[in-house]
Participant: 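Below you'll find the structure I mean.
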Amino acid sequence: MQEPLHGLIARAADAGLITAGLAAELDRGRLLRDRLARGAASSAALPPLRAVALVRAVFEAVSPLLRPASAGPTAHEGGGAGLARLWGEYRRGPFPEGFRGVDVDGVDLTLLDADVAGVVQSELSGGLDGRGVAVLWRCIATLDGIVPLLHEEYCASCFSRLRAMARVAAAPHTLAAT
């Protein structure tokens, strides 16, 4: 069975194989590829500097696969994207100013951002109760629905990172398949 590219990108970010920022860049590239393939965008949508950034992101994502196994730490040894690190990245990035109070597909982006921040902060300070886990999974489902609808680059990047952080926070609350 082949998994869609957006699923592979999300899984790599969740597993700490790539950073949230790299996942967001790869996802933006995937969305651009889709728009180009449908004829919804022209080659003008990919200026040279943007093309270089996309190629760099692909190489950055693939390079760990080409490195010998002993060349770097694994996710379990601290090389992966931990929730605390993602939280720090999130806190350093400003909210996309033009999107305060904006609804996308009936979702207030400011409230969604605040909901995810609240449950992640709770997870970091001792864990989530059943209600918190439910809120977290609802936020993830909402993010999965709206991120593909965000076409402004910085906003899409912010909410892609928010989605990656939420998925990492949800990992301990996922039942393992047996």
Side-chain angles (χ1 to χ4, degrees), residues 1-67 80-81 83 85-117 120 136-171:
M1 171 172 64
Q2 290 187 345
E3 187 172 347
L5 182 56
H6 69 277
L8 293 171
I9 293 169
R11 211 159 38 105
D14 293 348
L17 299 173
I18 59 175
T19 66
L22 180 56
E25 183 68 20
L26 291 170
D27 205 43
R28 282 193 305 274
R30 177 189 64 81
L31 293 172
L32 177 59
R33 176 207 64 189
D34 292 348
R35 289 195 315 270
L36 288 167
R38 288 191 320 267
S42 71
S43 60
L46 189 60
L49 289 176
R50 180 80 178 106
V52 168
L54 282 173
V55 170
R56 183 176 292 128
V58 170
F59 276 103
E60 189 178 329
V62 172
S63 67
L65 300 173
L66 303 175
R67 185 181 324 135
L83 185 58
R85 186 178 62 74
L86 293 172
W87 176 247
E89 286 178 13
Y90 163 81
R91 294 193 46 162
R92 285 188 297 277
F95 187 86
E97 199 56 47
F99 289 86
R100 289 197 185 282
V102 169
D103 279 14
V104 173
D105 202 29
V107 176
D108 183 313
L109 297 181
T110 309
L111 293 177
L112 177 59
D113 180 77
D115 285 346
V116 174
V120 167
L136 178 59
W137 283 108
R138 180 182 48 80
C139 289
I140 290 170
T142 302
L143 285 161
D144 286 346
I146 66 154
V147 166
L149 304 176
L150 301 173
H151 299 295
E152 193 278 325
E153 188 172 340
Y154 180 71
C155 187
S157 173
C158 286
F159 279 87
S160 292
R161 283 193 311 271
L162 189 68
R163 178 174 60 179
M165 182 175 66
R167 287 180 174 165
V168 170

Participant: Which heavy atom of R100 sits nearest to which heavy atom of T110, and what is that distance?
Facilitator: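 Shortest heavy-atom separation between R100 and T110 comes out as CA-OG1, 3.4 Å.
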
Participant: Is the shortest side-chain heavy-atom distance between L5 and L26 below 4.5 Å?
Facilitator: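 Of all side-chain heavy-atom pairs linking L26 with L5, none is under 4.5 Å.
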
Participant: Would you say the side-chain atoms of R92 pair up with the backbone N or O of G88, donor to acceptor, closer than 3.5 Å?
Facilitator: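 Answer holds: yes.
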
Participant: Restricting to non-hydrogen atoms, name the atom on P148 and the atom on L143 that form the minimum distance, rounded to 0.1 Å.
Facilitator: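 It is CD-O, 4.3 Å.
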
Participant: Can you tell me how far the CG atom of L111 sits from the CG atom of D103, to the nearest 0.5 Å?
Facilitator: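 Those atoms lie 8.5 Å apart.
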
Participant: Could you check D113 against C158 for side chain to side chain contact (heavy atoms under 4.5 Å, CB included), going step by step and ending with a plain yes or no?
Facilitator: CA-CA 10 Å; D113 180 77; C158 286; over 6 Å; no

Participant: Taking the side chain as C-beta and beyond, is there a heavy-atom pair between L112 and V104 under 4.5 Å?
Facilitator: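 No. Closest side-chain heavy atoms not under 4.5 Å.
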
Participant: So, do V116 and F159 sit near enough that their side-chain heavy atoms are less than 4.5 Å apart?
Facilitator: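 In short, these two side chains do not touch, never coming nearer than 4.5 Å.
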
Participant: Which pair of heavy atoms, one from Y154 and one from P94, lies closest together, and at what distance?
Facilitator: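 Closest pair (atom of Y154, atom of P94, distance): OH-O, 2.5 Å.
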
Participant: Quick one: are V168 and R85 in side-chain contact, heavy atoms under 4.5 Å?
Facilitator: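 No - every pair of side-chain heavy atoms lies 4.5 Å or more apart.
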
Participant: Could you state the interatomic distance from CD (E25) to CD1 (I9), rounded to the nearest 0.5 Å?
Facilitator: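 Taking CD in E25 and CD1 in I9, the distance rounds to 10.5 Å.
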
Participant: Heavy atoms only: give me the nearest A169-V120 pair and the separation to one decimal.
Facilitator: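 Here A169 and V120 meet closest at CB-CG2, 4.0 Å.
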
Participant: Would L86 and R167 count as a side chain to side chain contact (heavy atoms under 4.5 Å, CB included) if you check the C-alpha gap in whole Å, the side-chain angles of each, and the deciding distance to 0.1 Å?
Facilitator: CA-CA 11 Å; L86 293 172; R167 287 180 174 165; over 6 Å; no

Participant: Tell me the closest heavy-atom pair linking S160 and D27, and the distance in Å.
Facilitator: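 Heavy-atom minimum between the residues: OG-OD2, 4.0 Å.
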
Participant: Between S42 and L36, what is the shortest heavy-atom contact and its length?
Facilitator: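 Of all heavy-atom pairs spanning S42 and L36, the closest is O-CD2, 3.3 Å.
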
Participant: How long is the span from the NE2 atom in H6 to the CZ atom in R30, to the nearest 0.5 Å?
Facilitator: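 Output value for this atom pair is 6.0 Å.
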
Participant: Without hydrogens or angle criteria, can the side chains of R161 and S157 be said to hold a donor-acceptor pair below 3.5 Å?
Facilitator: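 Side-chain D/A pair, R161 to S157: present.
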
